[in-house]
Amino acid sequence: MTDLLSTLNSDQRAAVTAPASALILAGAGSGKTRVLTTRIAWLIQSNQVSPMGLLAVTFTNKAAKEMLTRLTSMLQLGYQNSTRGMWVGTFHGLCNRLLRTHHREVGLPQLFTILDSSDQLSAVKRVLRGLNVDTETFDPRKVQSFINQNKEAGLRADKVEAWDPYSRHLVEYYAEYDRQLNREGAVDFAELMLRAYELLSRNALLREHYQERFRHILVDEFQDTSRLQYLWLKLLKGPETALFAVGDDDQSIYAFRGANVGNMRQLMDDLHIAEPIKLTRNYRSVSVILDAANAVISRNEGRLGKDLWTEVGKGELIRHFQAADDIAEARFLVEEIQQRRREGDAYLDQAVLYRSNAQSRSIEHALFTAGIPYRVYGGLRFFERAEIKHALAYLRLAAFPDDDNAFMRVVNFPARGIGARGLEALDDQARGAGISLWAAACGAGKTTGKKFAAFVSLIEGLKHAIVGLPLMEQVEHVVAGSGLLEYYQNEKDGEDRVDNLNELANAAAGFAAESDEPTLEAFLGHAALEAGEHAAAQGQDAVQLMSVHSAKGLEFQTVFITGLEEGLFPHENSRNEAEGLEEERRLMYVAITRARRQLYLTHAQQRMLHGQIRYHLPSQFLQEIPENLVQSLTSRTRAPAAPRVANTRAENYHPRPVPRREANLPYKIGARVVHPKYGEGVVAAYQGQGAESEIKVIFPKVGDKWFILEYARLTALGA
DNA sequence: CCTGCCGTCGAATCC
DNA sequence: CGACGGCAGG
């Protein structure tokens, strides 16, 4: 047991062996995951708790898996022995588990559906249509975010305060949306949390049962928990339970999703913790990188306060490159990646990070053309793909035909002559009788019902055919029997989708092998919550492409942070949000601290964005890094950006046919100008071409203004 | 009543 | 540049 602790530093050891509830303020690269897993191993090994008494909450499924793997090797026991009975998962995964177990108490069918955000948006649209709401006045996306914000704050429609007519309408739609989901036995992500919270808060017996069971609750990425999640944790925490929370306020990057850093101080107040245990020794990065990270984050206010340090050496300077445009930026990446590979860095250990997923396109193009293997994380997830959702809908109908969402999705896909008219009639009938669409379809009249009857018997056929089959074969059978496979085989450009459908069967096989409950029902629940990043190409030596958000928790030998431009990173929309810039800065901090040895920072003077050429200032974050840590590569001579032609390697790739026309730019970016009304300002960006060219000027007093270039009454200020 | 085309509109991060 | 909604033709 001592050997578990012997390799830890004193702060880490204090954290691992904390006798009661504790808050660990763990800097990037300070061995946070290690502390968490070692604590669990230590608690089990010293017989302070059995695996049954442990609840561990992680932020992603990946982190949960990683924790279990490490734990197994630490305890040197069989996987099953060391972890059986332990509850490990994400908040949403654990809530899902609670709700499935106690589905009767919360009034849900056992096979309730989980709606992802696009499913949710469709549901909102359906509700609004049903209420004859003008979607010009009430943007469905706004309604969706209104609903989610309130759910995340723990508020049901009848508890939301609405003082003006507009809000009262929103509340009404929220209420109707919830009624609809209840009818359908469906829950959205926020509902998983809220419903589980309500279950525990209303049912004292159940609550006490879990409070007594869980002697130790461990929470990772605590800075990213929402208000409701924190209350949920407190409900599960009994008087005898030790709550062990690990977090880093400087890495809080999910405020947009309801994360509340304030939970860290709140926890200290609530549990009478005088001081957090700080882990500031960094084992990951060379000091140049840490110094840069510290310098950037020091500009934020109200931090809990800590600076990272290391005993690893200084390392190479950070390299900065300014590219003429996004294509030149991508070409720079390709050259450097190849160079580093020649010097011994595997592709796998090089990551390209960007602020938003859309930026991956030009980078992918360049890597593809150069024949460099790469892997893109995030973006459209496996289980969010249309063909996969269709297949899952058929599977769900086979298991639980009353699922209206699944019914709607595939009743006419592949097309079988059922249109909006017929569905409307069916929907009226179902509503009138208070039954599901499926039930209505089963009893559909002779005139309209023929096509429905055919669909019903198709599903019945699938249902009977898969009884008793292993999970993978169930999936294969339904994919084929539903006609989906044939449909995509006949569609041109459908090969990827066919591949994905086959991959779904593999995913099912993989799930069956890992899960202790290899049923179709469990698989369906898993699919909604899991991103579905599969073994596919996981072992391959490929460059890693991802958003900064999805890079959190990971580390790489070499990291490229790209698109460091005002408007992109920090993102434009963050300007309008309270503390938006500070969150962007934390994001930058996360990005920097992913690198072990070498960090690259790049930005482009112009780039294609949303189908238009945009001109941006370099990101302010570049200036926040002390100059003596950075080496500029920009003076290095490079060929000017030329219109690219398809490389011989890329025969299947269709490049954008864009010899770009240089716009006429009367002022340099950053030039000082005077406007007769707004006074003195600085040119920040251009967009558009020809007569549509616009210029963005930042005025210290008035803020940002866009002008049509042709009419802008600007005068250059001598400098 | 379905399918395909065209136009408009929007555009960030994720469980 | 892409997704989706509306409309017209089959």
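Proteins get letters first, then strands, A, B, ... in listed order; numbering begins at 1 in each.
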### Query
How long is the span from the CZ atom in A:F569 to the OG1 atom in A:T562, to the nearest 0.5 Å?
9.5 Å
### Query
For A:N412, what residues pass the side chain to side chain contact (heavy atoms under 4.5 Å, CB included) criterion, not counting sequence neighbours?
A:A415, A:R416, A:I418
### Query
Would you say A:F256 stacks on B:dT13, if stacking means ring centres under 5.5 Å apart and planes within less than 30 degrees?
yes
### Task
Remember a base hit wins even if backbone is also touched, and classify A:R141 as base, sugar-phosphate or nothing at under 4.0 Å, heavy atoms.
sugar-phosphate
### Out of B:dT3, B:dC15, B:dC14, whichever nucleotide has its closest atom nearest the side chain of A:A415
B:dT3
### Query
Roughly how many Å is it from CZ in A:R585 to C1' in B:dT13, rounded to a whole number?
18 Å
### Task
Please report, rounded to the nearest Å, how far the P atom of B:dC14 is from the NZ atom of A:K62.
12 Å
### Message
The side chain of A:R355 is closest to which nucleotide in this list: B:dT13, B:dC15, B:dC14?
### Response
B:dT13
### Task
May I ask you to decide if the ring planes of A:H526 and A:F523 are parallel, tilted or perpendicular, using 30° and 60° as cut-offs?
parallel
### Query
In terms of side-chain heavy atoms of A:K125, which of C:dG5, B:dT13, C:dC1 is nearest?
C:dG5
### Task
Measure the distance from OH on A:Y354 to P on B:dT13 and round it to the nearest whole Å.
10 Å
### Task
Could you check how far OH of A:Y377 sits from P of B:dC15, rounded to whole Å?
14 Å
### Query
Rounded to whole angstroms, how far apart are CG on A:D139 and P on B:dT8?
19 Å
### Message
Centroid separation under 6.0 Å, is that true for the rings of A:H92 and A:F189?
### Response
yes
### Query
A:Q223 CD to B:dC14 P: how many Å, rounded?
16 Å
### Message
On DNA chain B, does the nearest nucleotide to A:T90 precede the nearest nucleotide to A:I418 from the 5' side, or the other way round? Give the residue.
### Response
A:I418
#### Entry: Of A:R416 and A:N573, the one whose closest DNA chain B nucleotide lies more 5'
A:R416
#### Entry: Length of the CG-P vector between A:L529 and B:dC15, whole Å
10 Å
#### Entry: Side chain of A:S550 - closest among B:dA11, B:dC14, B:dA12
B:dC14
### Task
Mind telling me whether A:Y488 and A:F413 have parallel, tilted or perpendicular rings, with 30° and 60° as the class edges?
tilted
### Task
Look at all strands and tell whether A:K552 reaches a base, only sugar-phosphate, or nothing, counting heavy atoms closer than 4.0 Å.
nothing
### Query
Is the cationic atom of A:R375 (NZ for Lys, CZ for Arg) positioned less than 6.0 Å from the six-membered ring centroid of A:Y377 and within 45 degrees of its normal?
yes
### Task
Remember a base hit wins even if backbone is also touched, and classify A:F91 as base, sugar-phosphate or nothing at under 4.0 Å, heavy atoms.
nothing
### Task
Please determine if A:K552 forms a cation-pi arrangement with A:F59, meaning its NZ or CZ atom is less than 6.0 Å from the six-membered ring centre and no more than 45° off the ring axis.
yes
### Gap between atoms CE and P, on A:M193 and B:dC14 respectively (whole Å)
20 Å
### Task
Pick the C1' atom in B:dA12 and in C:dG5, then give their distance to the nearest Å.
24 Å
### Task
Would you check if A:Q144 and A:Y177 make a side-chain contact, meaning some heavy-atom pair closer than 4.5 Å?
no
Restricting to nitrogen or oxygen on both sides, can you table the protein-nucleotides 8-10 of chain C pairs closer than 3.5 Å?
none

## Note on the structure
Side-chain contact check for A:R361: nearest option of B:dC15, C:dG2, B:dA12 is C:dG2
### Shortest side-chain distance from A:S547, nucleotide among B:dC14, B:dC15, C:dG2
B:dC14
### Query
With sugar-phosphate meaning primed atoms plus P, OP1 and OP2, does A:G417 contact a base, only sugar-phosphate, or nothing at under 4.0 Å between heavy atoms?
sugar-phosphate
### Query
Can you name the one residue among A:E565, A:E566, A:E572 that meets salt bridge (Lys or Arg N to Asp or Glu O under 4.0 Å) with A:R614?
A:E572
### Message
Using OP1 and OP2 only, check whether a side-chain N or O of A:N96 sits under 4.0 Å from B:dC15.
### Response
no
### Message
B:dT13, OP1 or OP2 - any side-chain N/O from A:N357 closer than 4.0 Å?
### Response
yes
